[in-house]
Structure formats: C-alpha cells, structure tokens
Amino acid sequence: MKTPAERHRDAILRAVRAIPRGQVAGYGEVARRAGLPGRARLAAKVLSGNEDAKLPWHRVLRSDGRIAFPMGSPEHDEQVQRLRAEGVIVEGGRVRGQRPAADLDTLVWGPPD
DNA sequence: AAGCTGACCCCGG
DNA sequence: ACCGGGGCCAGCT
C-alpha cells in the first residue's frame with residue numbers, strides 16, 4: 001500500500017501534468033491544485049527528484065513569476081528555452097503576459113489600468 | 001533523536 | 001529592490 005508521501009508526490013505530478021502548453025503556474029499553486037495547500041516546498045522537492053522526461057516541469061515558476069533557478073545556470077537556460085518554444089515570453093528570468101495567480105487587491109479592486 | 005537542507009511562500013519594514 | 005522571520009516537511013547526516 002502507498003504511503004502518504006507517495007500519494008502526495010503523485011498528486012503533485014498530476015497537477016503539473018495538468019498545466020496546459022503555453023501556460024505557467026506557481027509551486028504553491030500546483031500544491032493547492034493537488035489538494036495540498038501550503039506545501040509549495042513539497043512541490044519543489046518532487047520536481048527536483050523527478051525522472052519523467054515527459055513532465056512539463058518548465059511550466060512551474062515561483063509565485064512572483066520568476067524562474068526558480070539562478071540566472072546563468074544550465075537549468076535556468078533550459079527552462080527559458082522550453083518556455084519560449086511554447087510561445088511564452090520570458091525576460092530577465094521572468095515570465096511576462098501571465099499572472100501566476102491573482103492577488104487580493106486585484107480581486108477586490110479589479111486589475112490596474 | 002536532532003539538525004540541516006532545499007526548483008517555496010507570505011508578510012512586514 | 002533587499003532583508004528578516006515564520007510556515008511548510010521529506011530525506012539525509
């Protein structure tokens with residue numbers, strides 16, 4: 001039988017695979033969608049140990065829209081390449097044109113001009 | 001058993 | 001933009 005940790009891992013992987021091509025999501029967002037609110041760190045952990053070449057790990061970003069890997073690292077460049085290949089605009093290690101998630105102010109006051 | 005270590009996140013100053 | 005502090009927790013020393 002599966003341990004809780006294994007089930008959590010599977011849930012996270014499902015959530016990542018569910019991100020449509022050309023779109024992005026934050027680690028925390030992925031965790032929430034997997035039914036694990038507050039477990040952003042676990043989402044990152046799962047991705048770090050992932051072996052599946054089919055997994056669209058490059059669609060997962062930090063909540064501020066920036067790529068998690070440091071600028072100049074091989075992983076960072078790889079992620080930028082993959083994102084651009086799907087039409088996602090990346091500038092200065094940051095994804096443009098998409099909000100990873102709406103913040104409270106935006107929900108209450110509406111989007112800024 | 002007790003610390004450390006992360007592809008993190010949110011709030012405040 | 002930068003820094004600190006608290007949360008989160010599986011896997012390794």
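Just the heavy atoms: all of them, side chains too, but no hydrogens, waters or symmetry mates, feed the values below. Order of the sequence lines fixes the chain letters, A, B, ..., with proteins taken first and strands second; residue numbering starts at 1 for each chain.
- When the P atom is used for both C/dG7 and B/dA7, the distance is 22 Å, rounded to whole Å.
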Problem set entry | Derivation and outcome, side-chain contact (heavy atoms from CB on, under 4.5 Å), residues A/Val46 and A/His8 | CA-CA 9 Å; A/Val46 169; A/His8 292 170; over 6 Å; no
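- A/Arg39 has a side-chain polar atom (N or O) that falls below the 4.0 Å cut-off from OP1 or OP2 of C/dC9.
- The CG-P distance, from A/Leu42 to C/dG7, rounds to 19 Å in whole Å.
- Here the nucleotide nearest the side chain of A/Ala5, chosen from B/dC8, B/dC10, C/dA10, is C/dA10.
- Checking B/dC10, B/dC8, C/dG11 against every side-chain atom of A/Lys45, the shortest atom distance belongs to C/dG11.
- We find that A/Arg33 and A/Glu29 are joined by a salt bridge, their nearest charged nitrogen and carboxylate oxygen being less than 4.0 Å apart.
- For A/Trp57, taking side-chain heavy atoms from C-beta onward, the closest of the listed nucleotides B/dA7, B/dC10, B/dC8 is B/dA7.
- Considering only side-chain atoms of A/Arg41, the nucleotide from B/dG6, B/dC10, C/dA10 that sits closest is B/dG6.
- Across C/dA10, B/dC8, C/dA1, the shortest atom-to-atom separation from the side chain of A/Ala40 is found for B/dC8.
- Remark: the backbone N or O of A/Ala25 is not paired with any side-chain donor or acceptor of A/Arg59 at under 3.5 angstrom.
- The main-chain N or O of A/Leu83 is never found under 3.5 Å from a side-chain atom of A/His58 such that the two would form a donor-acceptor pair.
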